[in-house]
Amino acid sequence: MSARHHALEIALTRPLTHAELARAARLGPLAADAARHRLMAVQRADGPAQAARRLRRRLDAHLPIDVITTHYPNAHGQVLLNVTLPPAAHTALHRNARSHGRTPGHHLELALQQNLADHAGREDHRVQTAVRHLLDGTTPARLLTAVAHALTSPTPQGPTE
């Protein structure tokens, strides 16, 4: 496989100063958001995992990196996460993975998938409860009209997916 360029997003633990961003940009091209809390980078590598590792090695000593992710999802709709765990968490992850007969990466992936599924279930329940509460005070037709209006208004309110 020949090396390709991979778009990676860097989430920082705090916003960068202008001087920190300028110093980091000398190591390679970076694009920062307006708050200088997230960066975009392009890294040459054979695959996305290698690209994230190389980018972390290149920038870790210069930036307060929290998480590096692939910017574009893969064919399965997933993004790769590159995180550095504190030593105690690293040890616990390896111990738990070994006790389940898994690699640490696979164990972490399964735990993350379970947590995301649990969160989605809680969010679905929260929305269903809110809708039932709204229906207590109006008709389904009025509620649907209000939802349609909210979704089509020029400035949508609240979280979006």
Side-chain angles (χ1 to χ4, degrees), residues 1-94 96-98 100-128 147-148 150-161:
M1 174 184 265
S2 65
R4 301 181 324 229
H5 288 91
H6 299 271
L8 300 168
E9 186 169 346
I10 304 166
L12 302 167
T13 59
R14 62 172 174 75
L16 296 179
T17 65
H18 290 287
E20 288 173 318
L21 181 57
R23 279 192 301 274
R26 288 187 202 116
L27 300 172
L30 297 170
D33 70 340
R36 296 179 315 279
H37 200 266
R38 297 164 75 94
L39 304 172
M40 289 297 300
V42 176
Q43 178 67 51
R44 188 176 170 92
D46 288 338
Q50 183 185 54
R53 284 191 303 272
R54 283 183 178 176
L55 184 65
R56 185 174 286 278
R57 276 195 306 267
R58 182 166 51 109
L59 297 176
D60 219 15
H62 306 280
L63 296 173
I65 297 174
D66 189 13
V67 179
I68 298 175
T69 66
T70 50
H71 184 64
Y72 299 106
N74 65 13
H76 305 288
Q78 300 172 327
V79 296
L80 176 107
L81 297 175
N82 176 287
V83 296
T84 300
L85 299 174
H90 186 268
T91 301
L93 172 62
H94 279 262
N96 288 336
R98 195 172 36 254
H100 288 90
R102 302 180 185 136
T103 66
H106 187 239
H107 187 70
L108 192 58
E109 180 181 354
L110 291 175
L112 183 58
Q113 286 173 349
Q114 183 60 51
N115 282 319
L116 289 171
D118 291 347
H119 173 74
R122 287 189 306 273
E123 180 66 5
D124 288 347
H125 182 263
R126 184 190 70 78
V127 170
Q128 289 169 8
V147 169
L151 292 174
T152 58
S153 67
T155 54
Q157 302 297 315
T160 58
E161 289 188 328

Residues in ring pair (Phe, Tyr, Trp, His ring centres under 6.0 Å) contact with His90, at least two apart in sequence or another chain: His94
Under 3.5 Å: donor-acceptor pair, side chain of His6, backbone of Ala45: yes
Check: Arg36 side chain, Leu21 main-chain N or O, donor-acceptor pair, under 3.5 Å: no
Residue Arg38 excluded, over 12 heavy atoms near CZ under 6.0 Å: no
Thr84, Ile10, Leu55 screened by side chain to side chain contact (heavy atoms under 4.5 Å, CB included) with Ile65, the one that passes: Ile10
Going by atom type alone, with no hydrogens or angles, which donor-acceptor pairs under 3.5 Å involve a side-chain atom of residues 66-73 and a protein atom two or more places apart or on another chain?
residue: Thr70; atom: OG1; partner: Leu80; partner atom: N; Å: 2.9

Side-chain donor/acceptor of Arg58 to backbone N/O of Leu27, under 3.5 Å: yes
Set of residues satisfying side-chain contact (heavy atoms from CB on, under 4.5 Å) with respect to Arg26, sequence neighbours excluded: Arg23
His119 and Asn115, any side-chain heavy atoms less than 4.5 Å apart: no
Close side-chain approach of Met40 to Leu30, heavy-atom, < 4.5 Å: no
Partner residues of His37 under the ring pair (Phe, Tyr, Trp, His ring centres under 6.0 Å) criterion, sequence neighbours left out: none
Residues in salt bridge (Lys or Arg N to Asp or Glu O under 4.0 Å) contact with Glu109, at least two apart in sequence or another chain: none
Residue list, side-chain contact (heavy atoms from CB on, under 4.5 Å) with Gln114, at least two apart or on another chain: Asp118
